[in-house]
Every structure is written in C-alpha cells, then in structure tokens.
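By convention in this document, chain letters (A, B, ...) are assigned in the order of the sequence lines, proteins followed by strands, and residues within each chain are numbered from 1. Worth saying up front: this structure is predicted, and the values here are computed from it rather than measured.
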Amino acid sequence: MNSIRTGEWQKLAVSLAELSLDTTLRCGQSFRWKKLNEDEWTCSLRGRVISLKQDPKQDPNHVLYKVTWPSNSPLTKLSSSGKGVKVEDDSTKDDTEALLRHYFNLEPNLTELYERWSMADPNFKKRAPKFTGVRILKQDAWEALVGFICSSNNNIARISQMVNNLCLSYGPLIGHVHDQPFHDFPTPESLAGPEVESQLRKLGFGYRAKYLARTAVIVSKEKPENWLESLSNTEPFDETEWKTLKPGGRPGYRKSHEELLALQGVGPKVADCVCLMGLGWGESVPVDTHVWQIAQRDYKFGKGKHKSLTKATYDAIGNHFRLLWGEEAGWAHSVLFAADLRTFAIRLTEKTEVQEELQIKAESEDGVIVQATTVVKKREAIREETIKEETTDDLNVVFSTTAKRTRRR
DNA sequence: CATTGACCTGAGAAG
DNA sequence: GTTCCCAGGTCAATG
C-alpha cells in the first residue's frame, strides 16, 4: 500500500541560534506540527509531508529534513517560475528547501536582531538567553486565520486538536508517516458548505464553528480571488529601517489589520496574529492575556490611563513595543511570549528547585494561606528567578499582580 | 468609548 | 469518581 516516495535526510544550513525547532514549533504559532519518534517534527506542507530533526549536540549548525511525497505526485518543479532560488546539489527537482527557507522565514539575521533588542531593552536582554532561536513563521495566511480564530478563550493543546480534526475531515490525505495520517490543510472553499457549521460543532469546535463557517464563506465567495494573500507584506526585509517606523506601523499593516477585523471571530488580537505569522507584517504585536501580563509586570502598564485592556490600551501596548523594538517588534514580542508559556516553565526552574521548596514550606507555616496559594507562590518563585536583578519598583508590580490573582480565587 | 456577561469544551487540579 | 476552573478572545448589549 505504501507507494509514497520518501526521500533521504538532507541538510539545511541554519544554526541553533538562528532557529530553534523545539521552541519555535511549540510556542503556539503553528498548531499542526507533531513530534514523532522522540525527535522528529512532522507536518504536511503544500502537498507533501516534511519531517525535521535538530540535534544541538551533534550538529548545531544544521537542521535535517526529509520529504514524503504522495504516490501520485508528478513532482514537477516550480523552480522555472520561481524567484531565483537555486539549489546546488541533486535536489534541484525538489523545491522543499526553498519552501522551508520561506516557511521558517530565514532571511532576517535573528542573532543580530536579538543583540539589537537586548541593547534597546534590559528586560528583553534578561529573558531572551533561555529562549534563543525563536523565529516568526511565514505560514499560509488562511491556515493562520483558521488557527487563530480557534484560539479564542482556548488552550494550545485543544487548538491543536481542533485543527487536526479539521484537516482529517476536510483536507485531502497525502500519506502516512510513522503510521500517522497526514492531510493537507483544507481550502476556504472546502469549508464554505452549508453543513460545515454543524459538522464542526460535532468535531468539538464549540461556538467557533460559526465563526469559521462564516469566515470561509466570506473569503471564498464574497471577497475577490486571492484577497487574503493580497494583504501580505511584499516589501523586502530591511534591517536598516527599524528606527524610522511609525508607532502605529506601516500603512500596509494597518490596512491589512483593519480588513481582517471585518471577518467573523476576528478581533484585534487574532487579526494581529494573522498579520504577523501569516502575512509577514513584522511590526504586528498581538496582545493576549500573556502579553498583557508581561506589559503590566515589566513595562508599567496596568495603571492610570491603561488600567484595563481596552482597545486604547491594546493599541498603546503595540505602539510602545514598536517604539522600543522597531520594525520587527512582533518577533521580539514572541520571544517574551514564549518565555511566559507554561510549556517552557521548566527552563526557568532547572537550577532552583531546592530554593522553591524551601520558600513554599515557609509559606505554609502561616497556616491560613493553605494549598490554594501554593501554585501561585511557586509560579512567583519561577518569575523571581529570572528577574532578581530588577528594580524594586518592578518587583512590587510582580507582587501586586500576584495578589490580585490570589484574591480572585 | 469602557464595561460586562455569555459562549463550547476537555484536561487537570481541587476536594 | 465528581466538580470546578481555565485557556493566546470576540461579540452584543449597556452605561
């Protein structure tokens, strides 16, 4: 049955500092990559299945990739109409390397960007070292749109589950890798049918079923052909322009953001996610609960005019970060976002477990505080570990934030 | 404009 | 074993 063609492992020259697969693929940008065989990241991309490996100890300067084509694929090269990307070796008949360079957005020099952000922002400098190699992906805009519509009031694990169900039900099968079926991502047209909403509800999408169904109709039937893609940033990456950026971002970004808001289930945060990770607008800064917490904890938001996360506060936060970090503010933002994820909390605690336990034990002697606050205290301890050099003012912000959380319980 | 409550669901913590 | 809470927000109705 297995007549699919599978290639051998090939090398993609990119260092660990420029791309960390583990961090980039687990930080909630894309919801489809699966970790199989312990260390293989696998996902379908443009009609093929791609597997990736990265071994920091063995070879920190390459990512290994392997392609699995469906059996009926003509494997015609698109390179004749491509834009001058030449592959030197025998893989000229395969555009996968070019696809990977595009998907992982490898042109910007991430090491230089980290240095620049660290120079401009002490807080970034403090938190970034444990989260190097976080890149903003250039995903398919439609996939990003669907994924982030699913993200509202939801968690990454369930979003991944929902997107997976979506592909299984509506995306064409490409083939199996490690006994797992891989389907392409469904097109807007395939989600525009009249039964889609009820089907999606059965698949566990909840109230987002209607958002997706209606958005699919709008994109596939009411908007002109290629409307979504036309919102993409086409300017070449230019690292010298970072200081000339207006606080609100470029006109093209603002227009794209505004147009996306007209869709169902798309508010400012989802629109920014699509702008950043699907349309290539690097200055886009999605402000979610994590970023809002970060803005309060480390950048003095949360009081005065910006006490709550209103639309005005949302814009002010984005403007602040664009001013601070420049044209790729969204890239820097995602580094701090990753550092805030529970998924990666272990990185912040590895050398401090004993201290944490002592601290918790001391707290429990109060008697009244009980277990309900134990988790909070532990998380607080995690935070403190990485910010011990911070000013007292900032530490006070941490404590007050924590206190609020405790009261809510 | 800012505030408020409803909205699906399933994994994990709490009791 | 059950109950409860929460997670990358958005929308619609009110001050």
Side-chain angles (χ1 to χ4, degrees), chain A residues 23-32 134 136-137 139 143-166 197-215 218 257 260-278 284-296 302-318 321 330 333-345 369-379 404-409:
Chain A
T23 317
T24 301
L25 297 182
R26 287 203 300 148
C27 73
Q29 286 194 62
S30 170
F31 304 101
R32 291 201 297 135
V134 180
I136 294 297
L137 303 173
Q139 302 181 68
E143 176 179 345
L145 178 57
V146 170
F148 287 106
I149 284 178
C150 293
S151 74
S152 78
N153 204 17
N154 207 347
N155 59 74
I156 293 180
R158 184 156 81 109
I159 300 165
S160 303
Q161 192 173 291
M162 288 161 60
V163 171
N164 187 53
N165 283 338
L166 188 75
E197 179 179 344
S198 60
Q199 287 298 316
L200 291 181
R201 281 222 171 236
K202 287 176 188 167
L203 289 175
F205 281 72
Y207 62 83
R208 303 163 196 85
K210 180 157 69 176
Y211 295 160
L212 285 183
R214 296 194 55 181
T215 293
I218 294 174
H257 188 269
L260 289 170
L261 287 180
L263 300 172
Q264 284 297 308
V266 180
K269 188 268 177 183
V270 170
D272 270 325
C273 285
V274 177
C275 282
L276 179 62
M277 303 163 203
S284 176
V285 179
V287 180
D288 56 30
T289 54
H290 290 276
V291 178
W292 172 230
Q293 297 291 333
I294 292 169
Q296 293 174 87
K303 37 193 173 186
K305 173 56 192 152
H306 302 303
K307 188 163 187 168
S308 65
L309 186 48
T310 63
K311 177 60 176 153
T313 303
Y314 185 102
D315 292 337
I317 293 174
F321 285 145
H333 132 282
S334 80
V335 175
L336 295 192
F337 174 82
D340 199 64
L341 280 183
R342 293 272 183 146
T343 319
F344 301 120
I369 299 183
V370 292
Q371 299 162 338
T373 57
T374 303
V375 177
V376 178
K377 288 295 177 185
K378 193 168 183 180
R379 188 166 169 77
K404 280 177 195 167
R405 275 189 202 164
T406 309
R407 270 185 238 123
R408 276 193 211 123
R409 295 187 174 240

[atom1] of [X] versus [atom2] of [N]: gap in Å, rounded?
{"X": "A/Tyr211", "N": "B/dC7", "atom1": "OH", "atom2": "C1'", "answer": "7 Å"}
{"X": "A/Met162", "N": "B/dA11", "atom1": "CE", "atom2": "P", "answer": "13 Å"}
{"X": "A/Asp315", "N": "B/dA2", "atom1": "CG", "atom2": "P", "answer": "10 Å"}
{"X": "A/Tyr314", "N": "C/dT10", "atom1": "OH", "atom2": "P", "answer": "7 Å"}
{"X": "A/Arg342", "N": "C/dG8", "atom1": "CZ", "atom2": "C1'", "answer": "14 Å"}
{"X": "A/Arg214", "N": "C/dA12", "atom1": "CZ", "atom2": "C1'", "answer": "13 Å"}
{"X": "A/Asn154", "N": "B/dG10", "atom1": "CG", "atom2": "C1'", "answer": "9 Å"}
{"X": "A/Gln264", "N": "B/dC7", "atom1": "CD", "atom2": "P", "answer": "17 Å"}

Does [X] reach a base, just sugar-phosphate, or nothing at all? Heavy atoms under 4.0 Å.
{"X": "A/Cys27", "result": "base"}
{"X": "A/Val266", "result": "sugar-phosphate"}
{"X": "A/Arg201", "result": "sugar-phosphate"}
{"X": "A/His306", "result": "nothing"}
{"X": "A/Val287", "result": "nothing"}
{"X": "A/Leu263", "result": "sugar-phosphate"}
{"X": "A/Lys305", "result": "sugar-phosphate"}
{"X": "A/Ala312", "result": "sugar-phosphate"}

Can you tell me, in whole Å, how much space there is between the [atom1] of [N] and that of [M]?
{"N": "B/dG10", "M": "C/dC11", "atom1": "C1'", "result": "23 Å"}
{"N": "C/dT3", "M": "B/dT9", "atom1": "C1'", "result": "15 Å"}
{"N": "B/dA13", "M": "C/dG8", "atom1": "P", "result": "15 Å"}
{"N": "C/dC6", "M": "B/dG5", "atom1": "P", "result": "15 Å"}

[Y] backbone acceptor or donor facing [X] side chain under 3.5 Å:
{"X": "A/Arg208", "Y": "A/Gly265", "result": "no"}
{"X": "A/Gln139", "Y": "A/Gln29", "result": "yes"}
{"X": "A/Tyr314", "Y": "A/Pro268", "result": "yes"}
{"X": "A/Thr313", "Y": "A/His306", "result": "no"}
{"X": "A/Ser284", "Y": "A/Gly330", "result": "no"}

Tell whether A/Tyr207 reaches the base of C/dG9 with its side chain through a donor-acceptor pair below 3.5 angstrom.
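Result: at least one qualifying N/O pair found.
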Look at the aromatic rings of A/Tyr211 and A/Tyr207 and report parallel, tilted or perpendicular, splitting at 30° and 60°.
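Because their plane-to-plane angle is over 60°, the rings of A/Tyr211 and A/Tyr207 count as perpendicular.
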Paired stretches of DNA chain B - 3 or more consecutive Watson-Crick or G-U pairs, each distance under 3.5 Å:
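Stems for DNA chain B, defined as runs of 3 or more consecutive pairs: B:1-7 with C:9-15, B:12-14 with C:2-4.
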Please report the shortest heavy-atom distance between [X] and [Y], naming the atom on each side.
{"X": "A/Ala209", "Y": "A/Glu197", "result": "CB-O, 3.5 Å"}
{"X": "A/Gly206", "Y": "A/Arg201", "result": "O-CZ, 3.6 Å"}
{"X": "A/Ser334", "Y": "A/Val134", "result": "OG-CG1, 3.6 Å"}

Looking only at the side chain of [X] (C-beta and beyond, no hydrogens), which of the listed nucleotides [options] gets closest?
{"X": "A/Phe148", "options": "C/dT10, B/dT9, C/dG8", "value": "C/dG8"}
{"X": "A/Arg158", "options": "B/dG10, B/dT3, C/dG8", "value": "B/dG10"}
{"X": "A/Asn153", "options": "B/dC7, C/dG8, C/dT10", "value": "B/dC7"}

Report the residue (A/Asp288 or A/Gly265) whose heavy-atom-nearest nucleotide on DNA chain C is the more 5′ of the two.
A/Asp288
Any A/Thr289 side-chain nitrogen or oxygen under 4.0 Å from OP1 or OP2 of C/dA7
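For A/Thr289, the contact criterion (side-chain N or O under 4.0 Å from OP1 or OP2 of C/dA7) is not met.
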Is_stacked (A/Phe337, C/dG8) at 5.5 Å, 30 deg:
yes
Closer to the 5' end of DNA chain B via nearest nucleotide, is it A/Ser152 or A/Ala157?
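Here A/Ser152 is the residue nearer the 5' end.
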